[in-house]
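Everything on this sheet refers to the single structure shown next.
Positions are given from 1, in the same order as the sequence printed here.
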Amino acid sequence: MAEVSRPLPASRRAAVLGSPIAHSLSPVLHRAAYQALGLDGWSYTAIEADEAALPAVLEQIRGEPGWAGLSLTMPLKTAAVPLVDRLDESARLVGALNTIVVEPDGTLTGHNTDIAGIRHAIRQVLGAGRQPRGAETMLAPTLPAWSPATPDQPAMPALPGALMAPPVRALVLGAGGTARAAVAALASVGVRRVGVIARRPAAVAPLAEIGERVGLTVTALPWEIVAGGLRSGPDLVVATTPEGITDQVAEWTWPASCPLVELLYHPWPTALAVTAYRSGARVAGGMVVLAAQAAEQVALFTGRVVDVGLLMAAGTQALTHRAATSSAFPGPDGLGLTSRAR
């Protein structure tokens, strides 16, 4: 999104809505963005709201001055669709939204920046296009669990313009709400065939409908197909499952030629990410996706561009602090785009 030079109000409000919401990293990322952009009067908070409370919360926000926008996490991404006034193309495509822009007159417009975030991570592991400044740092985790592997990612192929050919066969692990955005993101980088591995094949139907809209063939595959590892490696894997679901897959050899986008970011690295990385494959973690989609939200709220790497650094620092004081942060692990704590 191009930077807009329009003057901004001295103070505006934004927030993330969801339930539970206490662990959300969105306030950390957005506040870092506002500070970097010199928007000292802008605030960003977390609001606890489940599906039952959402209509009343949105109506209240409509009538309050000073709102710039909202971020939505689970379980609100589909529940909010009929409650906004307009949907942009991204939200209409996947039938879910994670961003609401609040106009001065109270009009609510829904967007889905998860697609842009996942596409950003896919392009990183494929080496497609120029990397935003600092965005490559989360590709080389520094946590102790990552050793003895080297901190450097496998080298990109030396192709003209640093562009790799679009992957022909992609695999999505899981068929939840975030998998919708993953299918759309894969289509946007040229993928034309996607296998979706799900414990309930019926859950793949909404993803197949999205595929039809974007010219992509989606095939439902049983979870058992990866029970013994990836015997015939796809060109790319996107994991959208909660923590622990893919640990069985991680016990097997990973094809070195198959990049992985893992949407979880805490605890990091996941067992699957470690297996893929040690095989020689390129890996992008959920913090890459989280920061990239947040940068897109900032652009929608402010009309200004913020560096993705800056947001990744802020999120990583916050996670490091939480790990050091884990007893002060009760609750389940496995935070990521596939969890409730956005």
dist I122:CD1 -> L126:CG (nearest 0.5 Å) comes out at 7.0 Å
Between the side chain of R92 and the main-chain N/O of L87, is any donor-acceptor distance below 3.5 Å? yes
Passes side-chain contact (heavy atoms from CB on, under 4.5 Å), R192 versus T217? Steps please. CA-CA 6 Å; R192 289 295 171 260; T217 301; over 6 Å; no
Backbone of E103 reached by a side-chain donor or acceptor of T107 within 3.5 Å: no
Nearest-0.5 Å distance, CD of residue Q297 to CG of residue L70: 9.5 Å
Got a sec: does the CD of Q317 have more than 12 other heavy atoms crowding it under 6.0 Å? no
May I have the step-by-step check of side-chain contact (heavy atoms from CB on, under 4.5 Å) for W252 and V226, ending in yes or no? CA-CA 9 Å; W252 300 88; V226 293; over 6 Å; no
Do V238 and L186 have side chains that approach each other closer than 4.5 Å (heavy atoms only, starting at C-beta)? yes
Check: V57 and I61 side chains under 4.5 Å, non-hydrogen atoms: yes
Output, in order, the C-alpha distance, side-chain angles, deciding distance and verdict of side-chain contact (heavy atoms from CB on, under 4.5 Å) for T73 and N98. CA-CA 6 Å; T73 185; N98 72 324; over 6 Å; no
May I ask you to test the Y34-V306 pair for a side-chain heavy-atom distance under 4.5 Å? no
Is the backbone of W67 close enough, under 3.5 Å, to the side chain of R12 for a donor and an acceptor to pair up by distance? yes
Taking all heavy atoms of R62 and all of G106, pick out the closest pair and write down the distance. NH1-O, 3.2 Å
Among L97, V16, T78, T99, the one residue meeting side-chain contact (heavy atoms from CB on, under 4.5 Å) with L72: L97
Applying side-chain contact (heavy atoms from CB on, under 4.5 Å), run through L230 and L171 and close with a yes or a no. CA-CA 10 Å; L230 298 179; L171 199 62; 3.8 Å; yes
Residue pair V289 / Y265, side-chain heavy-atom distance below 4.5 Å: no
Please give me the minimum heavy-atom distance between E48 and P20, naming the atom from each residue. OE2-CA, 3.5 Å
Exercise: identify the closest heavy-atom pair between T240 and A175: OG1-N, 4.4 Å
Could you check if a side-chain atom of R193 sits within less than 4.5 angstrom of a side-chain atom of L216, using non-hydrogen atoms only? no
Locate the shortest heavy-atom distance separating A33 from L310; write the atom from each residue and the value. N-CD2, 4.5 Å
Do the side chain of D85 and the main chain of T109 share a donor and acceptor less than 3.5 angstrom apart? no
Flag side-chain contact, heavy atom, 4.5 Å: M287 against L290: yes
Look only at the side chain of E51 and the backbone of A79, and say whether a donor-acceptor pair between them is shorter than 3.5 Å. no
Please report the interatomic distance CD(E224) to CD1(I197), rounded to the nearest 0.5 Å. 9.5 Å
Might you work through the side-chain hydrogen bond (donor to acceptor under 3.5 Å, both in side chains) test for S71 and Y44, ending with a clear yes or no? CA-CA 10 Å; S71 307; Y44 190 101; 2.6 Å; yes
Does any N or O in the side chain of R180 come within less than 3.5 Å of the main-chain N or O of V94, such that one atom is a donor and the other an acceptor? yes
Is a donor on one side and an acceptor on the other found under 3.5 Å between the side chain of R31 and the backbone of S43? no
Which atom of A239 lies closest to which atom of L272, heavy atoms considered: CB-CD2, 4.0 Å
Rounded distance (nearest 0.5 Å) linking atom CG of L39 with atom NE2 of H30: 12.5 Å
Would you sort out whether T113 and Q293 count as a side-chain hydrogen bond (donor to acceptor under 3.5 Å, both in side chains), showing the intermediate values? CA-CA 5 Å; T113 67; Q293 69 80 31; 2.9 Å; yes
Q124 side chain to V288 backbone, donor-acceptor under 3.5 Å: no
Rounded to the nearest 0.5 Å, what separates atom CG in L37 from atom CZ in F301? 13.0 Å
For the pair D114 (side chain) and G117 (backbone), establish whether a donor and an acceptor sit closer than 3.5 Å, ignoring hydrogens and angles. no
Within 6.0 Å of CD in Q35, more than 12 heavy atoms from elsewhere: no
So do V125 and L236 actually touch side chain to side chain, heavy atoms under 4.5 Å? yes
With the side chain counted from C-beta on, respond yes when D247 and T270 share a heavy-atom pair under 4.5 Å apart, and no when they do not. no
CG/L58 to CG/L17 distance, rounded to the nearest 0.5 angstrom? 6.5 Å
Do W254 and I225 sit in the same hydrophobic cluster, where Ile, Leu, Val, Met, Phe, Trp and Tyr count as joined when their side-chain heavy atoms come under 4.5 Å apart? yes
Any donor-acceptor N/O pair, S90 side chain to N112 backbone, under 3.5 Å: yes
I118 and A182 have their tightest heavy-atom pair at CD1-N, 3.7 Å
